[in-house]
Amino acid sequence: MWFFKAHINAAFWITVATLNTTVKQLKSIIDPQTAKGQSSDFANANFPVDQEGRTLHLGCKRGEVANRILSVGSMDRALMIADQLQGAEPGAPLFQHLSGRGFLTITGLFQGTPVSIITTLMGMPNMDFVVREARAVVEGQMAVIRLGTCGALRPPAKLGSFMVASPGAVCVRRDPDAWTFDDGRPHYTVSAPVPADPQLVQLLVAACTEHGGADSVVEGLDATADSFYSSQGRTGGHFEDVNEAVIEQLMAAHPQLVSLEMETFHLLDLARCSRGGIKAAAFCIAAAERYSNRFISKEQIQLCERLGGAAALTALMQCPLTDAVGADGSISSSAISNGNGSSNGNGNGNSHALPADAYVWVRRHAAPAIVKSQV
């Protein structure tokens with residue numbers, strides 16, 4: 001008996017040591033300049049911010065998030081793509097902040113243009129946190145591109161395809177009242193489509209074609225579901241989901257539909273309601289073929305993430321914005337040309353005010369640089 005107890009105790013302490021190491025690794029990417037704000041008291045229950053102006057979930061303040069944002073689902077993907085960014089000056093690390101809610105923000109330069117990579121995690125509520133709280137701490141117009149993963153619903157889409165939601169997205173929601181009242185109403189509701197920004201879509205398609213090849217790009221309507229399982233037609237298991245026909249009905253109602261995931265619709269919906277303050281587009285890597293039941297390999301998804309990240313950063317860099325803050329802290333007010341020689345400024349000659357210290361990440365920090373991906 002003592003032999004088994006000794007092994008159990010040893011396994012326990014090994015587990016504790018592993019957890020401690022993981023915690024230290026996560027803490028190592030929290031910028032000490034921003035970490036001090038995490039325990040501050042919050043005010044304003046309508047839109048909570050602390051004494052430094054940090055938002056409740058994203059944990060960032062003015063000067064730490066760029067006007068151009070790449071939204072990704074996972075921390076691993078964010079760190080991998082961040083290898084393509086540079087610090088504000090030679091040898092300087094990228095700005096990094098990991099909030100207590102798990103949102104990682106990385107800000108740096110892509111070919112001289114300020115860009116932030118933010119982990120949106122999963123689902124529409126998390127996209128809501130990221131977009132609204134980033135909007136609250138950024139001056140000037142914004143461009144946001146989502147790079148996620150999705151299920152491909154029909155050929156020619158295949159594993160590894162870049163699925164660009166050029167026409168926009170619809171939203172698929174489970175209706176609890178269908179179970180509550182059992183009166184024959186549909187168990188799932190589908191919204192009307194919300195469009196993506198056409199200019200940003202055009203730049204994104206061109207960049208995906210450049211980095212992945214023309215055969216890698218599939219354009220079509222996206223469907224954003226409120227569940228990975230029930231609302232995406234995954235059947236079986238321990239729940240009465242009544243979803244056997246969800247995908248078939250979606251495809252019949254929307255012949256342009258090519259992808260199914262969990263975040264794009266809400267990003268596009270928020271951009272639509274931003275009073276012109278946000279341009280948004282989205283594309284996903286086809287990680288699953290729902291029509292063949294095949295799933296992508298680890299090696300292929302990592303390659304696609306690198307190529308897709310480069311494409312998204314390129315499109316963001318090329319997207320003209322009004323009153324965006326530049327790498328030197330200056331504001332590009334009405335000086336941005338829309339390609340025909342005219343200006344796309346706000347027309348009133350007044351630019352948005354800079355944050356007090358310009359971009360915080362321009363200053364050197366004691367935080368270590370991003371750990372390079374080993375894959």
Side-chain angles (χ1 to χ4, degrees), residues 26 38 42 44-50 54-61 64-65 69-78 97-106 116-138 142 144-151 165 168-180 187-196 222-234 239 241 243 246 250 259-275 277-284 287:
L26 289 175
Q38 291 185 329
F42 284 85
N44 184 5
N46 183 62
F47 197 96
V49 293
D50 70 6
R54 298 188 180 283
T55 60
L56 180 60
H57 307 93
L58 195 58
C60 288
K61 65 179 182 180
E64 295 176 348
V65 180
I69 296 174
L70 173 55
S71 160
V72 299
S74 73
M75 188 179 298
D76 287 344
R77 189 178 307 147
H97 176 73
L98 179 64
S99 77
R101 300 300 181 104
F103 294 103
L104 174 63
T105 300
I106 304 171
S116 290
I117 301 172
I118 303 179
T119 55
T120 316
L121 308 176
M122 293 177 288
M124 288 183 279
N126 282 329
M127 180 63 77
D128 197 70
F129 289 139
V130 168
V131 176
R132 290 181 185 273
E133 295 188 13
R135 174 70 279 180
V137 300
V138 171
M142 298 168 61
V144 183
I145 289 179
R146 157 168 157 75
L147 169 56
T149 56
C150 69
V170 297
C171 183
V172 184
R173 293 186 183 276
R174 179 186 176 105
D175 183 3
D177 286 347
W179 282 265
T180 300
H187 290 80
Y188 297 88
T189 61
V190 183
S191 75
V194 171
D222 173 75
T224 298
D226 62 357
S227 167
F228 180 79
Y229 293 101
S230 64
S231 304
Q232 293 194 38
R234 288 185 165 91
F239 301 93
D241 290 319
N243 63 347
V246 164
L250 275 172
S259 59
L260 186 56
E261 45 78 74
M262 296 176 63
E263 292 84 19
T264 293
F265 176 88
H266 198 61
L267 168 61
L268 302 183
D269 190 28
L270 287 174
R272 173 179 63 174
C273 299
S274 69
R275 303 185 179 96
I278 301 175
K279 297 180 179 182
F283 73 121
C284 291

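- Of all heavy-atom pairs spanning V170 and A192, the tightest one is CG1-C, 4.1 Å.
- Residues L267 and A281 share a closest heavy-atom pair of CD2-O, 3.8 Å.
- For the atom pair CZ (F103) and CG (L98), the distance works out to 10.5 Å, reported to the nearest 0.5 Å.
- The backbone N or O of R234 lies less than 3.5 Å from a partner atom in the side chain of N243, making a donor-acceptor pair.
- Among residues two or more places apart in sequence or in another chain, the side chain to side chain contact (heavy atoms under 4.5 Å, CB included) test is passed with M262 by F228, Q232.
- Contacts of E261 classified as salt bridge (Lys or Arg N to Asp or Glu O under 4.0 Å), with partners at least two apart in sequence or in another chain: R146.
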Under the side chain to side chain contact (heavy atoms under 4.5 Å, CB included) criterion, do E64 and V137 qualify, and how do the steps go? CA-CA 8 Å; E64 295 176 348; V137 300; over 6 Å; no
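- Checking side-chain atoms of S99 against main-chain N and O of H57 turns up a donor-acceptor pair under 3.5 Å.
- Under the side chain to side chain donor-acceptor pair (under 3.5 Å) test applied with S71, the options N126, T119, T120 reduce to a single match, T120.
- Between T149 and R77 there is a side-chain heavy-atom pair separated by less than 4.5 Å.
- Between atom OG1 of residue T55 and atom CZ of residue R101 there is a gap of 10.5 Å, rounded to the nearest 0.5 Å.
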After noting the C-alpha distance and the side-chain angles of R135 and V138, does the key distance pass the side chain to side chain contact (heavy atoms under 4.5 Å, CB included) rule? CA-CA 5 Å; R135 174 70 279 180; V138 171; 4.2 Å; yes
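- A side chain to side chain contact (heavy atoms under 4.5 Å, CB included) with Y188 is found for exactly one of L250, V246, D226, namely V246.
- Here the side chains of L270 and R132 are in contact, with some heavy-atom distance below 4.5 Å.
- Among all heavy-atom pairs drawn from C284 and T264, the shortest one is SG-OG1, 4.5 Å.
- Between C60 and T105 the shortest heavy-atom distance is SG-OG1, 3.6 Å.
- When all heavy atoms of A134 and I69 are compared, the pair lying nearest together is CB-CD1, 3.8 Å.
- Here the CD1 atom belonging to I106 is positioned 10.0 Å from the CD1 atom belonging to I118, to the nearest 0.5 angstrom.
- Across R174 and S230, no two heavy atoms sit closer than the pair NH1-CB, 3.3 Å.
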**Q.** Stepwise side chain to side chain contact (heavy atoms under 4.5 Å, CB included) check, F265 with D222
**A.** CA-CA 8 Å; F265 176 88; D222 173 75; 5.5 Å; no
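- The line from OH of Y229 to CG of D241 is 11.5 Å long, rounded to the nearest 0.5 Å.
- Atom OG of residue S259 and atom CZ of residue F283 lie 12.0 Å apart, to the nearest 0.5 angstrom.
- Between the OG1 atom in T189 and the CZ atom in R173 there is a gap of 7.5 Å [rounded to 0.5 Å].
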Next item on the list: Show your working on side chain to side chain contact (heavy atoms under 4.5 Å, CB included) between C171 and M124 and close with a plain yes or no.
Entry: CA-CA 10 Å; C171 183; M124 288 183 279; 3.8 Å; yes
